[in-house]
Amino acid sequence: MPVVDIQKKVPPLLRRRNVLQLLIITLLAEIGYGVLNISNMPVYIEKDRGLGGSVIGLVFAAFMLSEALFKSTMGHLADRYGRRRMMVIGPAITACTALLTLAIPPSWQYMATFSLIFLRVLDGIGAAMLWPAAYALIGDIVEPHEREEGLSLLNMCFMLGVALALPVGGLVNVKLGPMFVEWGSIHSAASFYLTTAVFISVALMAYRMVPSGRAFRDVQKQESSGEDGTDIKKLLDAFKSIPNYMVLGFVTFIGVGFPIPIFKNFFMNQFSMTEAQFGMLVLPGALVMAAFSVPIGKLGPRIGNTKAVHLGMALCTLGLGAIASGALSKTLQSPWVVAVGAIPLGIGFLLTIPAWYASVSAIDAGRRGAFIGAVMTSQGLGAIIGVLAGGASYDHLQAYGASFGHYSPFVGSFLCVGIGLFLGLKILKEQPKSSN
């Protein structure tokens, strides 16, 4: 009887049930975080609480700092206690904080600001539980040679989640907001309840679909039992080894942080857009970015990661310059100018990020994880400074003209990313190709 070689053809990642389930969970989670933080919170703080861009920046910074500080710890806990536990508890925390935000009494003033900051700190802890576990899980369930593709799919879910969050949050507030007048804020209550429902769904799906991973954890404990040194020591060593990369990431991400807290309010105040109109303006571009995130990300290895970073940052600088030009000329204060500037900005972002991390990972294969973690830390700190500065400039520079104040965060972003481009040209050099 002839021997038949039974070798199953491995299906693509999107056709595997466990991968698809994880992608659905992360997509819903990003929609929830996008609705809460990007779409809803700035409107709630400004329209419903009567607070300015400085408070918006503080609230964003609290979330980002909390997430950055706790990510490493929560990643270790995910290794020790399982991905599923973190992916259930994290979303459950945010489901509660969304409702607690509406429970802040209208009579509270300074205490309202403190309460908003405290709740966003809890949100940051929840996000720090979810995302490291999700990124680690994709590495658990795919083969080593498929991890880059798996991570690209997670990045696609991130972009798609942001794309859907902005129009969904705005449309829900516009259509359903009046129904919730007695239950909270007329502008934002509906989106807060939507956020709660989304995160409850994410927690339940994670509980049902994510494996406990007990056997995997046992293997990890055995493999890590002989490791020397602490994470803090490794992080400090990385800071000493690659200070130029740290500075580049720090400065550039100050620019990334500048427009984050005021992005939606900028369109509503500068161009008198409704939430629904803003969402429909952003949706096509964000969907295109999500669709092209994987193909554009693959250009880096083809043209060289260093060239990809240089080209991507140049495109980002060009796009931000076009948007920021509205601060200097009334003629250029148009949503169409912003839309045109967003084209090279979006392409540059998609080209830069994967190539940048690939460049960092190529510095020293033996310390790859430590270097990437250190660079992410510097970027997070830079983004927090940018968020605070962007919110403050949006408020205080309106004294020199409302439009100038509205555009000032984009000017700051343009300057910082431009400096980052200059540093990148000096620091990042093409690596010689190794011959095997």
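Every heavy atom of this structure was used, including side-chain atoms; hydrogens, water molecules and symmetry mates were not.
- The side chain to side chain donor-acceptor pair (under 3.5 Å) test applied to S413 returns no partner, not counting sequence neighbours.
- Inter-residue side-chain proximity for F114 and I117 is flagged as unmet; no heavy-atom pair is nearer than 4.5 Å.
- Contact of the S325 side chain with the V337 side chain is registered, since non-hydrogen atoms from C-beta on lie closer than 4.5 Å.
- Taken from CZ in F250 to CD in Q379, the straight-line distance is 11.5 Å, to the nearest 0.5 Å.
- Checking side-chain atoms of T252 against main-chain N and O of G249 turns up no donor-acceptor pair under 3.5 Å.
- A 4.5 Å side-chain heavy-atom check between F158 and W131 finds every atom pair outside the cut-off.
- Using a 4.5 Å heavy-atom cutoff, the side chains of M205 and I24 are in contact.
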Side-chain donor/acceptor pairs under 3.5 Å, residues 49-60, sequence neighbours excluded:
residue	atom	partner	partner atom	Å
R49	NE	Y44	OH	3.0
R49	NH1	P105	O	3.0
R49	NH2	Y44	OH	3.2
R49	NH2	I104	O	2.5
S54	OG	D395	OD2	3.2

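- Counting heavy atoms from C-beta outward, P211 and R84 have side chains that stay 4.5 Å or more apart.
- You'll find the side chain of T274 stays beyond 4.5 Å of the side chain of F278, heavy atoms only.
- The side-chain heavy atoms of F192 and T196, taken from C-beta on, include no pair separated by under 4.5 Å.
- Using the six-membered ring where Trp is involved, Y33 and F63 have ring planes that are tilted, between 30° and 60° apart.
- By the 6.0 Å contact criterion, CZ on F267 is enclosed, its count of non-hydrogen atoms from other residues, nucleotides or ligands being greater than 12.
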